[in-house]
A.B. asks: 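Please read through the structure below; I'll follow up with questions.
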Number of protein chains: 2
Amino acid sequence: MARLNMRELALKLGVDRATVSRALSNDKAHLVAPATRERIRQAAGAAGYRPDLTAATLRRGRSHTVGILVSDLGNETFIDVIRTIFRHLDARSDAPPITPLIAETLDQPDATRRLIHTFLSRRVDAIISLASTEADTAILQDAAREVPVVLAIRAIAGAVFPSALCDDRAGGAMVATHFAERGHKIVCQVQGPPLSATFKNRALGFSEVCASRSIVETPQRIFAETATSAAGKRALDALLAVSPRPTAIFAHNDALALGVIEAMRHRGLRCPEDLAIVGFNNTQLSRILAVPLSTVDYPVEEVSRHAGELVRNLIADPSYRFESRLFTPSLIVRASS
Amino acid sequence: MARLNMRELALKLGVDRATVSRALSNDKAHLVAPATRERIRQAAGAAGYRPDLTAATLRRGRSHTVGILVSDLGNETFIDVIRTIFRHLDARSDAPPITPLIAETLDQPDATRRLIHTFLSRRVDAIISLASTEADTAILQDAAREVPVVLAIRAIAGAVFPSALCDDRAGGAMVATHFAERGHKIVCQVQGPPLSATFKNRALGFSEVCASRSIVETPQRIFAETATSAAGKRALDALLAVSPRPTAIFAHNDALALGVIEAMRHRGLRCPEDLAIVGFNNTQLSRILAVPLSTVDYPVEEVSRHAGELVRNLIADPSYRFESRLFTPSLIVRASS
DNA sequence: AACATCTTGTCAATCGATTGCAAAAAGTGT
DNA sequence: ACACTTTTTGCAATCGATTGACAAGATGTT
């Protein structure tokens with residue numbers, strides 16, 4: 001069961017472990033004579049030698065590992081971003097591959113603190129936080145004094161971190177503009193939990209355009225406690241009580257939109273005739289609904305790539321002059337509006 | 001930037017590092033006087049001391065880490081299983097928490113080998129492979145000589161690993177029985193890629209019941225190259241060319257079923273009147289279709305829990321007499337059949 | 001008072017790879 | 001053959017925590 005280690009390999013070849021280490025490394029391989037280097041590499045391959053990365057990490061102080069915090073693994077968009085980040089971190093063949101550690105916080109600050117501590121104990125080279133809330137600010141700032149911390153998807157109000165975000169405000173604005181062009185005069189929003197900057201910005205962008213194009217936004221905004229279809233269902237009741245009655249609504253994500261649509265179906269209301277609706281994220285479900293859902297496409301690829309690059313660059317040089325970026329989403333008009 | 005390490009903490013407290021180590025450990029804390037122990041724990045907490053787990057791993061030979069291989073992170077069922085496994089691994093407060101490492105193989109054997117090697121280099125305590133294919137057999141067997149390897153979701157034909165699986169054969173049988181009870185005489189399957197044991201077993205269970213209840217299964221089976229809705233769409237053309245023409249079809253998962261249904265809509269065919277359809281997995285989409293989809297509910301909780309337990313037990317004792325288990329899924333009848 | 005037992009803490013080796021420094025070997029020019 | 005540079009290799013310390021062996025001190029027993 002005992003694994004072959006470097007000392008044994010060196011012994012077998014009659015060289016020093018230092019020579020083996022250098023021969024197998026990327027950056028110091030030139031320090032060993034070509035013939036010896038090849039001999040060592042052959043033997044290592046043949047013997048199935050695999051270096052112990054925990055030992056290497058201890059000595060080097062670099063683990064080639066990044067921690068990814070995500071609030072909800074059930075969220076399709078988050079998963080898309082994570083897997084795309086994976087690819088960007090793993091793909092580059094010049095640099096050593098980076099192994100991601102993933103943790104689900106479920107938006108619980110205690111769990112988040114615990115998970116961040118675990119990451120730091122495991123000596124991650126950086127942390128990417130997807131969709132963190134304000135409750136995490138202090139912990140993340142703490143962590144940032146040890147390793148680079150990069151934010152993706154959700155900004156944190158009042159804190160500056162390198163980040164890769166979607167321009168949610170622009171997204172909200174696009175929806176309002178769309179409603180204006182279709183001649184809607186009275187509109188309403190079903191807003192996600194307001195502790196998330198994402199939803200705040202979507203609301204803001206939408207309202208701004210409504211004001212400038214003199215569309216009436218019903219004074220009562222609908223707040224969903226969670227951004228889920230169940231909450232969307234409940235929202236319809238509230239919506240119908242609103243006066244003046246809106247003819248179009250902007251749901252802050254596709255799940256909320258779905259809930260509203262299902263509730264409408266129950267009541268015999270038709271979409272878009274009775275009520276037009278636009279969602280956000282362009283998830284799979286938006287395409288497959290009986291009435292395909294208009295929605296805002298999330299710039300997954302760009303956000304992920306930038307997050308990956310920030311991490312790579314900040315790991316290479318902690319004082320790297322990073323640039324946080326906002327990526328513009330795009331409206332996809334389908335039958336629901 | 002330099003982190004506080006155990007030596008410094010010990011120095012500050014005027015005790016030996018060994019004493020600190022024992023005071024902070026779970027199993028050896030009783031070896032240090034209660035007063036000293038508390039003093040050390042207080043100080044450690046106050047100073048924000050966090051042990052370096054890579055050093056501990058190196059010394060102990062245990063990383064408290066497991067590697068999870070998954071073929072496709074976009075698959076809702078896989079994600080559900082992963083996050084449920086997380087919870088079972090992380091939750092137990094008596095044992096130290098286990099950090100999962102996740103890797104997406106995309107069913108590419110080369111990538112799989114690379115990722116497994118990375119896991120082993122990082123000294124994972126065990127590997128869980130979700131939905132592996134036969135192409136991975138040799139690599140997994142290799143890995144199994146170093147650490148416990150547990151299979152979930154998909155068995156590998158001809159190889160014995162501790163596993164936690166869904167009884168796909170029973171699931172297929174349920175669908176056939178359901179068709180029989182509804183009076184269908186001619187049925188057909190849209191089968192997922194046959195290199196996956198999952199789909200083989202679903203097909204088998206279905207066919208067995210068809211035979212015993214003298215339902216005609218059309219001789220031409222439809223094989224989808226991938227288990228996606230696009231493949232499902234293409235499958236409908238093939239289906240319509242089949243003779244005798246079936247009145248009900250069993251799609252091997254919900255995505256395939258969705259594809260078939262969308263293609264039907266394009267042709268103006270009605271579900272279930274013209275063609276009844278049942279899927280598999282009970283994914284979100286099955287609930288939200290215009291005609292809610294009958295499907296087989298996947299026993300996510302049971303599979304995940306058992307996989308987690310296998311891993312825990314095998315880590316604690318590699319010679320543990322494990323029991324591989326099959327969990328029975330359940331048919332959910334909705335409007336589509 | 002002598003001896004056994006238990007408690008508490010220290011010393012030093014260890015896990016496996018990396019790397020600064022210096023020694024040995026090989027190459028170069030005169 | 002000699003002085004000198006350059007290449008190649010070896011030695012030994014190091015990263016930070018854990019643990020077996022053992023010593024010193026405290027407590028108990030007869």
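Bear in mind the structure is a predicted one, so any value in this text is a computation, not a measurement. A note on names: the letters A, B, ... follow the listed sequences, proteins ahead of strands, and every chain is numbered from 1.
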A.B. asks: Would you mind checking if B/R50 and A/E146 are paired as a salt bridge, meaning a charged N to carboxylate O distance below 4.0 Å?
C.D. replies: yes
A.B. asks: Of A/R22 and B/M6, whose closest DNA chain D nucleotide lies nearer the 5' terminus?
C.D. replies: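 The 5'-side residue here is A/R22.
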A.B. asks: Could you tell me whether the side chain of B/D125 and the main chain of B/V66 form a donor-acceptor pair under 3.5 Å?
C.D. replies: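 Not confirmed, B/D125 side chain does not pair with B/V66 backbone.
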A.B. asks: Tell me what A/L31 touches on the nucleic acid: a base, only sugar-phosphate, or nothing, going by heavy atoms under 4.0 Å.
C.D. replies: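 Base contact.
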A.B. asks: Could you check how far CZ of A/R122 sits from C1' of D/dC15, rounded to whole Å?
C.D. replies: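 In whole Å, D/dC15 C1' and A/R122 CZ are 18 Å from each other.
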A.B. asks: Verify the contact: side-chain N or O of B/R7 to OP1 or OP2 of D/dG16, cut-off strictly under 4.0 Å; return yes or no.
C.D. replies: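 So the side-chain polar atoms of B/R7 never come under 4.0 Å of the phosphate oxygens OP1 or OP2 of D/dG16.
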A.B. asks: At under 4.0 Å between heavy atoms, what does A/V15 touch on the DNA or RNA strands: base, sugar-phosphate, or nothing?
C.D. replies: sugar-phosphate
A.B. asks: With sugar-phosphate meaning primed atoms plus P, OP1 and OP2, does A/A33 contact a base, only sugar-phosphate, or nothing at under 4.0 Å between heavy atoms?
C.D. replies: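 Sugar-phosphate, backbone atoms only, no base.
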A.B. asks: Rounding to an integer number of Å, can you tell me how far B/R50 CZ sits from D/dG16 C1'?
C.D. replies: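 Roughly 14 Å, once rounded to whole Å.
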A.B. asks: Tell whether A/R59 reaches the base of D/dT14 with its side chain through a donor-acceptor pair below 3.5 angstrom.
C.D. replies: yes
A.B. asks: Without hydrogens or angle criteria, can the side chains of B/R123 and B/S63 be said to hold a donor-acceptor pair below 3.5 Å?
C.D. replies: no
A.B. asks: Name the closest nucleotide to the A/S21 side chain, picking from C/dT10, C/dT18, D/dC11.
C.D. replies: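 For A/S21, the side-chain atoms sit closest to C/dT18.
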A.B. asks: B/P34 or A/A56: which one's nearest nucleotide on DNA chain C is closer to the 5' end?
C.D. replies: B/P34
A.B. asks: Where each residue is assigned the nucleotide of DNA chain C containing its nearest heavy atom, which of B/D16 and B/R60 is assigned the position nearer the 5′ end?
C.D. replies: B/D16
A.B. asks: Taking only side-chain N and O atoms of A/K28, does any of them lie within less than 4.0 angstrom of OP1 or OP2 on C/dT18?
C.D. replies: no
A.B. asks: Can you tell me which nucleotide in D/dT19, C/dT19, C/dG16 comes closest to the side chain of A/A55?
C.D. replies: C/dG16
A.B. asks: Of the listed nucleotides (D/dG16, D/dC11, D/dT19), which one gets closest to any side-chain atom of B/A18?
C.D. replies: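 Selected nucleotide (nearest to the side chain): D/dT19.
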A.B. asks: Tell me the interatomic distance from A/N5, atom CG, to C/dC15, atom P, rounded to whole angstroms.
C.D. replies: 8 Å
A.B. asks: Please determine, by modelled atom types, if A/T99 and B/R122 share a side-chain donor-acceptor pair under 3.5 angstrom.
C.D. replies: yes
A.B. asks: Can you check whether B/T36 has a side-chain N or O nearer than 4.0 Å to OP1 or OP2 of C/dG9?
C.D. replies: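 Checking B/T36 against C/dG9: at least one side-chain N or O falls below 4.0 Å of OP1 or OP2.
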A.B. asks: Taking 4.0 Å as the cut-off, does a side-chain nitrogen or oxygen of A/Y49 come that near to OP1 or OP2 on C/dG16?
C.D. replies: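 No.
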A.B. asks: Please report the distance, rounded to the nearest Å, between CG in B/L58 and C1' in C/dA17.
C.D. replies: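 Whole-Å distance recorded here is 9 Å.
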A.B. asks: Name the nucleic acid region contacted by B/T54, choosing base, sugar-phosphate or nothing; use a 4.0 angstrom heavy-atom cut-off, strictly under.
C.D. replies: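 Counting heavy atoms under 4.0 Å across all strands, no contact is made by B/T54.
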A.B. asks: Is there a side-chain polar atom (N or O) of B/T19 under 4.0 Å from OP1 or OP2 of C/dT10?
C.D. replies: yes
A.B. asks: Looking at A/D16 and A/R22, is there a salt bridge between them, counting it only when a charged N and a carboxylate O are closer than 4.0 Å?
C.D. replies: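 Salt bridge: no.
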